[in-house]
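Structure record follows, encoded as structure tokens.
Each chain gets a letter, A, B and so on, in the order the sequences are listed, and its residues count up from 1. Computation of the quantities below employed the complete heavy-atom set of this structure, encompassing side-chain atoms and omitting hydrogens, waters and symmetry-equivalent molecules. Everything numeric here is computed off the predicted structure, so don't read it as measured data.
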Amino acid sequence: MSANVELAEKEIVADPVVEVELTDSLRVLTCGSVDDGKSTLIGRMLWDACELYDDQRDTLSKTRAINGQGDVLPDFSTLVDGLAAEREQGITIDIAWRFFDMQGRRYIVIDSPGHEQYTRNMASGASHADIAIMLTDARHGVKRQTRRHAAILHLMGVKSVVLAVNKMDLADYSQEKFEHISADFAGLTARFGFEKAVAIPVSALSGDNIATKSKNMPWFNGPTLVDHLKSVPPRVSTSEGPFRLPVQMVLRDGRDFRGLAGTIRSGKISVGDEVVDALSGKRALVARIGTMDGDLKEAVRGQAVVIGLDTDIDVARGDVLCGGAEERPSVVTKSFSANLVWLSETPYDSGAGYLLRTATDLVPIERLQVTALLDLETLAAQPSDYSCAMNDIAWAEIDLGRAAAVDVFDQVSETGCFMIVDALTGASVAGGTVRELRDGHEIEGDDEGEAFILDRALLASGLCRDLGNSAADNKEFMRRAREVSVLMKAAGIRVKVNL
Amino acid sequence: MNSQIDHLGMLEAESIHIFREAAAQFRKPVLLYSIGKDSTVLLHLARKAFWPQPLPFPLLHIDTTWKFRDMIAFRDRKAKEYGLELLVHTNQDGKERNINPLDYSPTFYTDTMKTVALKQALDKYEFDGAFGGARRDEEASRAKERVFSFRASGHRWDPRRQRPEMWHILNGRLGKGETARVFPLSNWTERDVWRYLLREKLEVVPLYMAAKRPTIERDGQLLMLDDERMPLRPGEEVKQRSIRFRTLGCWPLTAAVESTATTIEEVVEETLAARTSERTGRLIDHDEASAMEKKKQEGYF
């Protein structure tokens, strides 16, 4: 046994890192449960990447774990310990963020719990990820959990997945077993259409195929887990796609510069380009792209800038600037279908007030109708008009109190997502993605054919004649106007509100 | 061409996004300025976020009266240079009771002069959103922290009430009695902070650079004597050593490291090769198990 300790310790002495400038970063979601050896896998990656400090290494060296061959190794999982409250009370099993650098790239490991009761945590973790590592135990293969994870990753827009078939040391490093699991996995990923899906046989504890090629599995010709991660491009590495800049705020220089501050979420922009405000349809040219470090000629996805336009088209927070080349960007809508994951412990309540938070807008929700729930057994949408409770993944129809600018998630993911907020408590109760826009530009669009004009005078002379000029009365006036237009529309009348 | 921004550029843009979202959503935000290197980066990013306007919120410094003198001088100089509104708050009750780091346990002292003082100041000015420089890489309990971290009335941090955060959407709508702490540096690491200081040519408190300073050795740690208030124990002698600090706080509670790195470039080089984690220099953290998490639940930043 002591000989084994010596051997094992010799094996895990890693080379010091060569410091290089970081060029990019990759967000890696790890999903699986403790039983699959997830904490050990993350710990082992950290250990092998040699980004640990001496004090962490010392602490770890005092721990012991035994692998399938009887070798004594450090218990890598202790690197990934959680909150005391979590350990003691078993509540708020939460996603954890860890960072390590390897050969010019920052890895952001987003660690999410795997069990069904933590579906919401996994979904929120997945929303940040470029790639997901799904873990399974080689002795159990592709389980119900693996299938559920694949469904969630797909809905949250993760394009690249890896199945780490762990504990190969306990499965005799069997090629046959791995190939069987790999074939199951291929069937699963084909169903969801991931852009990249790879299965890798590993032993997290022994380090097989984590950072170094396993001597125990010479039959495997694929990359190690770490090599594979190195080859994956981050989600934000491309500035292709239509230009989108959700406006966060207006910043002024105290003279005549009125700048629209925001982060470019898709595409790129140059001085002189035409942009269009999605909500008003108004157009202008980019006169300036400002930053504190000086003006830019061009800015790309991911950059936080301040844009000056050649004419003032009255754009403010909540608006989205789009590329002018688009005839009429199909992003404005008052109703749409969506996928959502319910996050709150309080189920959906049709009597409660909810708000839709887009990139920078906050819009009242008039109606939310659940149409189907994800059946975790079959992974199919099961028609349902049942409400929505914690961890449910639902299909829903949403009507807004006014138009908002959102994209279809599959086309422009970063402006195609939203959260639902409880108006009273402020809590984030659900997160979701836009599937289909229902009404395009009808609300604010150009008139085609006759529309009934619902104007102020008409309402003031009858329905609203009990209202005065106070702010509260004005709000009530707007509410009634909106209600009337909704009713008329429901009756099939084209209506234009002109207040 | 597939132009893309580099790693530090991404971090910078993400922090600017967070600053703007918080400023747009909170009624009365404040930047908690602790004068250290993380605060220096935080302030720089805030200035970038709201350019060409001045900062739309004040800075708040919680002065325990035991900060290094160099820190206070640096604070006042920077506030003047950038034309910032600087608020300084000290727990007057604690000061009158002479709560100090020499006669009281680090836990009690920190709770009184930092945690309680911070709560007093936030209540006094009715701030509803406070920017801080905490990072997820600092230690285990922070690895799960949100960008917008909510506090119930009384500033208590309740793990159950934290909101899930998805994509880039930051929800700052407050419930009754709630306030928020905002962490724009959540996804930065210590190395990123140093690299960024270097890239942006930012000035830091001179204590981060090595110089000959009067020191004593106590409980295996090097302490610098910043003034006359700390009596020596039998056998201790004051020695001039070339030292610098990796973190800055109250001087009797902040251990130094021996170093000859006198320029920020040399410090960064030493730091990037460092083999011990940052907080080992901060004496309060060794006080009890899960110390940081407990402090957080009580309202420590």
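Judged by distance alone, with hydrogens and angles left aside, the side-chain atoms of A/Gln248 form no donor-acceptor pair with the main-chain N or O of B/Arg20 at under 3.5 Å. Side-chain atoms of B/Asn171 do not come within 3.5 Å of backbone N or O of A/Val421 as any donor-acceptor pair. Listed for the B/His168 side chain is no donor-acceptor partner under 3.5 Å among the backbone atoms of A/Thr263. No donor-acceptor pair closer than 3.5 Å links the side chain of B/Arg173 to the backbone N or O of A/Leu362.
Residue contact with chain A, scored on non-hydrogen atoms closer than 4.5 Å, involves the backbone and the side chain of B/Ala23 alike. Heavy atoms of A/Thr358 lying under 4.5 Å from chain B belong exclusively to its backbone. Contacts of B/Arg146 with chain A are made by side-chain atoms alone, with heavy-atom separations under 4.5 Å and no backbone atom involved. Residue contact with chain B, scored on non-hydrogen atoms closer than 4.5 Å, involves the backbone of A/Thr291 exclusively. Neither the backbone nor the side chain of B/Ser15 comes within less than 4.5 Å of any heavy atom of chain A. Only the backbone of A/Val305 comes within contact range of chain B, judged by heavy atoms closer than 4.5 Å. Looking at A/Leu343, the atoms closer than 4.5 Å to chain B (heavy atoms on both sides) all sit in the side chain, from C-beta outward. Neither the backbone nor the side chain of A/Ile110 comes within contact range of chain B; no heavy atoms are under 4.5 Å apart. Looking at B/Glu200, only its side chain comes within 4.5 Å of chain A, counting heavy atoms on both sides. Of the two parts of A/Val250, only the backbone, made up of N, CA, C and O, holds a non-hydrogen atom closer than 4.5 Å to a non-hydrogen atom of chain B. Proximity to chain B (any heavy atom under 4.5 Å) is restricted, for A/Thr425, to the backbone atoms N, CA, C and O. Interface residue A/Ala261: backbone and side-chain heavy atoms are both found under 4.5 Å from chain B. Interface residue A/Met249: only side-chain heavy atoms are found under 4.5 Å from chain B. Interface remark: B/Arg163 contributes side-chain atoms only to the contact with chain A (heavy atom separation under 4.5 Å).
Options B/Asp192, B/Leu174, B/Leu11, B/Ile16 differ in how many heavy-atom pairs under 4.5 Å they form with chain A, and the most are formed by B/Asp192. When each of B/Gln162, B/Arg47, B/Glu12 is checked for heavy-atom pairs under 4.5 Å with chain A, B/Arg47 comes out on top. Contact count versus chain B (heavy atoms, under 4.5 Å) is highest, among A/Pro246, A/Gly254, A/Ala423, for A/Ala423. Heavy-atom pairs under 4.5 Å with chain A were tallied for B/Pro52, B/Ala49, B/Gly175; the largest tally goes to B/Pro52. For the set B/Glu178, B/Arg136, B/Lys176, the count of heavy-atom pairs under 4.5 angstrom toward chain A peaks at B/Arg136.
At a threshold of 4.0 Å, the pair B/Glu14-A/Arg27 counts as salt-bridged, since one of the basic side-chain nitrogens sits closer than that to a carboxylate oxygen. Contact check on B/Glu21 versus A/Arg357 returns no salt bridge, with no Lys/Arg side-chain nitrogen under 4.0 Å from an Asp/Glu carboxylate oxygen.
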Evaluate the salt bridge (Lys or Arg N to Asp or Glu O under 4.0 Å) criterion for residues B/Lys48 and A/Asp293: first the C-alpha distance (whole Å), next the side-chain angles of each, then the deciding distance (0.1 Å), finally the verdict.
CA-CA 8 Å; B/Lys48 285 197 176 195; A/Asp293 301 314; 2.6 Å; yes
Can you check side-chain contact (heavy atoms from CB on, under 4.5 Å) on A/Thr415 and B/Trp167, steps first, answer last?
CA-CA 10 Å; A/Thr415 41; B/Trp167 298 288; over 6 Å; no
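Classified by interplanar angle (parallel below 30°, tilted 30° to 60°, perpendicular above 60°), the ring pair B/Trp51/A/Phe257 is tilted.
Taking each heavy atom of B/Ile5 and A/Gln303 in turn, the nearest pair found is CG2-CG, 3.4 Å. Nearest heavy atom pair, residue A/Trp97 against residue B/Asn187, reads CE3-OD1, 3.7 Å.
Residues A/Met419 and B/Ile169 meet the side-chain proximity criterion, which asks for heavy atoms closer than 4.5 Å.
Side-chain contact check for B/Thr189 and A/Arg106: at least one donor-acceptor pair (N or O, by modelled atom type) lies under 3.5 Å.
Taking CZ of B/Phe150 as the reference point, atom OG of A/Ser428 lies at 7.0 Å (rounded to 0.5 Å). Summarising the geometry, atom OG belonging to A/Ser25 is positioned 5.0 Å from atom CE belonging to B/Met10; distances are rounded to the nearest 0.5 Å.
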